Number of protein chains: 2
Amino acid sequence: MTKADGDGSPAKRPIVGGLSNVLFDAWLVSRSVHQLIDTAIEESGLDADEFAIYSVLASGEGMTPSDLSHWMAAAPTTVSSYVKRFERRGHITRIPNPEDGRSYRLQLTATGRAAHRHAGELFTPILAHTEDALGARAEKTHAQLLTLLHAVDAVRDEHA
Amino acid sequence: MTKADGDGSPAKRPIVGGLSNVLFDAWLVSRSVHQLIDTAIEESGLDADEFAIYSVLASGEGMTPSDLSHWMAAAPTTVSSYVKRFERRGHITRIPNPEDGRSYRLQLTATGRAAHRHAGELFTPILAHTEDALGARAEKTHAQLLTLLHAVDAVRDEHA
DNA sequence: GATATTTAATACGATATCGTACTACATACC
DNA sequence: GGTATGTAGTACGATATCGTATTAAATATC
């Protein structure tokens, strides 16, 4: 991870003419966010993607692999390998799905919740910093992101 | 549950209580955007990341691998393998860097530019759809994204 | 000007992601 | 109720990503 650049202008981004558009910049933001979170929570043993998954699992009654696959727009096979990995860590268990014998629901174990909490403690300050950096615009920015999320999902469904 | 549960549509996102924050949702948007672009430009032979890279290379005088690494927040080794891959495709060439003998600049070849143009033709309509879906908010959303990008970069630099 | 330190890029190995092909259960249709 | 079709999840193989260690050029120190 390349660190300090020295001269105080680490991120040189040539924001060129027709290059900047809403999808492109969403991509760019995500790269930056991903790296930020990755480094911030590194010592927890989770990476940014995993932290997001643990978060959504922690927040509800548990999801099926398919739900997870849709939710995070990942290939089903990718989710399968997540499940294996998380199980190997003792962080999740499979709850049988009474409504569908092919499927099951994913739930965090106590250990899994502890790992999530630890990552969360590392995550919180950088979120606060980001919100500080956004200042008064923080809420609006967040709202616009959700708007964008729905717009992109709509287009995605349309093209599915 | 949560949002639109109605039809058998792909994206059911449980927007749960404290789970939604600006970084988290940036991550979520990116997953969606990534998949949208991937499928849209698939037939061009480029994926979303590659399209972004080709775009930035096409837009300027060419960048060094380090620049690219900073710009897209990717590991230097990842950039190295990009270079190999793109060279294998005949899509880029290395221009020696007169200022630094260890380095070089990446430039698209004519074939590379053609590939980029093809991907661009597939990309344009989905961008238009997204902007339509955003309607009047399109510009504001884009502006907020750039604000967020700068905020995140600032935090990232701080923590570097 | 010689040596020490830093920086740019990469080779290599470990692991992650995902496409293809498959199995097993569920639902539709007759 | 029996067959046909669809859907949930996965094994496996191909390739991508990235961490660690290395090489070579640039910059700093003396």
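Just so it is clear, the structure is predicted and the values come from calculations on it, not from any experiment. The sequence lines fix the lettering, A, B, ..., with proteins before strands; numbering per chain opens at 1.
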Between A:D49 and A:E99, name the one whose nearest nucleotide on DNA chain C is closer to the 5' end.
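In this pair, the answer is A:D49.
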
Which is more 5' along DNA chain C, the nucleotide nearest A:S81 or the one nearest B:P65? Just name the residue.
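It is B:P65, whose closest nucleotide lies nearer the 5' terminus.
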
Do the charged groups of A:D67 and A:R105 touch, with an N to O distance under 4.0 Å?
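No, this pair does not count.
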
Please determine whether a side-chain nitrogen of the Lys or Arg among A:E50 and A:R89 lies less than 4.0 Å from a carboxylate oxygen of the Asp or Glu.
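Yes.
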
Closest to side chain of [X], choosing from [options]:
X: A:Y104; options: C:dT17, D:dT10, D:dT17; answer: D:dT10
X: A:A75; options: C:dA9, C:dG19, D:dT10; answer: C:dG19
X: B:D100; options: D:dA26, D:dG9, C:dA11; answer: D:dA26
X: A:R102; options: C:dA9, C:dA24, D:dA25; answer: C:dA24
X: B:T77; options: C:dT20, C:dA8, D:dG19; answer: D:dG19
X: A:A74; options: C:dC18, D:dA16, D:dC18; answer: C:dC18

For atom [atom1] of [X] and atom [atom2] of [N], their distance in whole Å:
X: A:E50; N: D:dC18; atom1: CD; atom2: P; answer: 13 Å
X: B:L68; N: D:dC18; atom1: CG; atom2: P; answer: 12 Å
X: B:D38; N: C:dT17; atom1: CG; atom2: P; answer: 14 Å
X: B:D67; N: C:dA8; atom1: CG; atom2: P; answer: 9 Å
X: B:N97; N: D:dA25; atom1: CG; atom2: P; answer: 14 Å
X: B:M72; N: D:dT17; atom1: CE; atom2: P; answer: 8 Å
X: A:Y82; N: D:dT10; atom1: OH; atom2: C1'; answer: 16 Å
X: B:D47; N: C:dG19; atom1: CG; atom2: P; answer: 10 Å

So, OP1 or OP2 of [N]: does either fall under 4.0 Å of a side-chain N or O from [X]?
X: B:K84; N: C:dA9; value: no
X: A:R94; N: D:dA8; value: no
X: B:S80; N: C:dA9; value: no
X: A:R85; N: C:dT17; value: yes

If you find the nucleotide of DNA chain D closest to B:R88 and the one closest to A:V83, which residue's nucleotide is nearer the 5' end?
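Looking at DNA chain D, the more 5' nearest nucleotide goes with A:V83.
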
What's B:S103 touching, base or sugar-phosphate or nothing? Going by heavy atoms closer than 4.0 Å.
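Result for B:S103 = sugar-phosphate.
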
Give one of base, sugar-phosphate or nothing for A:T78, where a contact means two heavy atoms less than 4.0 Å apart.
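A:T78: base contact, heavy atoms under 4.0 Å.
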
Given the side-chain rings of B:F51 and A:F24, with only the six-membered ring counted for Trp, is the space between their centroids under 6.0 Å?
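Between A:F24 and B:F51, which both carry aromatic rings, the centre distance is not below 6.0 Å.
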
Could you tell me whether the side chain of B:D25 and the main chain of B:L28 form a donor-acceptor pair under 3.5 Å?
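Absent.
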
Can B:H116 and B:S44 be said to form a side chain to side chain donor-acceptor pair (under 3.5 Å), step by step?
CA-CA 8 Å; B:H116 176 239; B:S44 75; over 6 Å; no

Check whether the side chains of B:S30 and A:H34 place a donor and an acceptor atom closer than 3.5 Å, and report yes or no.
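Not at all, the side chains of B:S30 and A:H34 share no donor-acceptor pair under 3.5 Å.
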
